[in-house]
Amino acid sequence: MDISSILQGGYQHPLSRQWQGRRALTKSMLMYPIFITDDPDATVEIKTLPGQRRWGVNKLEGFLGPLVQKGLSSVILFGVPFKCEKDARGTPADDPQGPVIQAIHKLRTLFPSLYIACDVCLCEYTSHGHCGVLNQDGTIHTAPSVARIAEVALNYAKAGAHCVAPSDMMDGRIKAIKRALVDAGYGNRCTLMSYSAKFASALYGPFRDAAGSAPAFGDRKCYQLPPTAKGLARRAIQRDVGEGADIIMVKPALPYLDVIADAAQLAPDHPLACYQVSGEYAMVCAGADAGVYDLKVMAFETVESMVRAGK
């Protein structure tokens, strides 16, 4: 056997196996999505997301405290309002008494070192369930959509969010948010993480159940990227870098590892995020429940594949 054929000597020990990765997975790389509802004492099981719940602000300490002690360093908040009056422009999104802003205040007090990101979108708060403001014919009206998204992002930053993360996929919203943050004095105080390459995926079903954000009519394919659109994803990543995004995200993750790899090449100087979405999580859990594999082993394998793709 030729000398160059011998590879196993390089990974025969658990430690040397770790060294074979270009980048190791660490706790600080993980961000926990938290669904915050407007019942302050709520703890409601989400049947399509095994082990996950909608939380009221009064329950956050008991839930997150043990995780923070174990090393959880960041969360991303999603508002799930049920008691508010939704309207065409998503007015409840940045209500100071709403779940997200109340949760920001609570978490800043409870866990001063916890990094708090906020998903910025309108779909949970609009009467029509779409991610922007609509024209009379039901199509997206881009200019007011972008203005409203920027307004919500700024108000989250003012409330104390360390990071705002627009997931709406409206054209030009990164530039508008960055401008709003800078003009208000938050440009160097709040990170802007862009859902740059967010695809129109069948994997969002459990999330829409969790967040109550399914559109009342139509779908979101006119603003989320087509699953086959590798070129569009590359263009969107480059656009958002140019518009001032601090972090680039690809969503979902596992079906789009090639796009994660593209993002690492297109934005080599930016941190790269990838979102293992609700459907991916549910599939991993379902396979483990069916005895196909060990849950912990598969959880690490899937997440490490994302780290590998974006190295």
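Residues that satisfy the side chain to side chain contact (heavy atoms under 4.5 Å, CB included) test with P271, not counting sequence neighbours, are I247. The ring pair (Phe, Tyr, Trp, His ring centres under 6.0 Å) search around Y125 returns none, not counting sequence neighbours. Checked against side chain to side chain contact (heavy atoms under 4.5 Å, CB included), A150 has the following partners two or more places apart in sequence or in another chain: A176, I177, A180. Contacts of Y115 classified as ring pair (Phe, Tyr, Trp, His ring centres under 6.0 Å), with partners at least two apart in sequence or in another chain: H162. Under the rule for a side chain to side chain contact (heavy atoms under 4.5 Å, CB included), the partners of A253 that lie at least two apart in sequence or sit in another chain are I260, C274, E280, M306. Among residues two or more places apart in sequence or in another chain, the side chain to side chain contact (heavy atoms under 4.5 Å, CB included) test is passed with A264 by L272.
S196 contributes atom OG, which lies 3.5 Å from atom CD1 of I248 (distance to the nearest 0.5 angstrom).
Here side chain to side chain donor-acceptor pair (under 3.5 Å) pairs that include residues 28-42, with residues two or more places apart or in two chains, are T26-S28, Y32-Q52, D41-N58. Residue pairs meeting the salt bridge (charged side-chain N to carboxylate O under 4.0 Å, His left out) criterion with at least one member in residues 223-248, sequence neighbours excluded: D171-R239, R173-D240, K178-D246, K230-D258, K230-D262, R234-D262. Sorted by first and then second residue, the side chain to side chain donor-acceptor pair (under 3.5 Å) pairs involving residues 60-79 (not counting sequence neighbours) form an empty list. Sorted by first then second residue, the side chain to side chain donor-acceptor pair (under 3.5 Å) pairs that include residues 145-159, not counting sequence neighbours, are R89-E151, D94-R148, D94-N155, R148-E151.
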| For W55 and F63, what are the C-alpha separation, side-chain angles and deciding distance, and is it a ring pair (Phe, Tyr, Trp, His ring centres under 6.0 Å)? | CA-CA 9 Å; W55 298 98; F63 171 60; 4.3 Å; yes
Atom pairs and distances, donor-acceptor, side-chain atoms in residues 297-304, under 3.5 Å, two or more places apart:
{"unit_1": "T302", "atom_1": "OG1", "unit_2": "Q276", "atom_2": "NE2", "d": "3.1"}
{"unit_1": "T302", "atom_1": "OG1", "unit_2": "M298", "atom_2": "O", "d": "3.2"}
{"unit_1": "T302", "atom_1": "OG1", "unit_2": "A299", "atom_2": "O", "d": "2.9"}

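In this structure the side chain of L107 reaches within 4.5 angstrom of the side chain of L64, judged on heavy atoms.
Using bins of under 30°, 30° to 60° and over 60° for the plane-to-plane angle, the ring pair Y195/Y275 lands in the tilted bin.
Counting side-chain heavy-atom gaps under 4.5 Å among Ile, Leu, Val, Met, Phe, Trp and Tyr, the cluster of L7 also holds Y11.
When atom types are taken as modelled, the side chain of R108 and the backbone of G160 share a donor-acceptor pair closer than 3.5 angstrom. Here the side chain of H128 pairs a donor or acceptor atom with the backbone of A88 at under 3.5 angstrom.
Here the closest non-hydrogen pair linking G90 and T126 is N-CG2, 3.6 Å.
Cation-pi contact between K198 and Y204: present, with separation from the ring centre below 6.0 Å and deviation from the ring axis of at most 45°.
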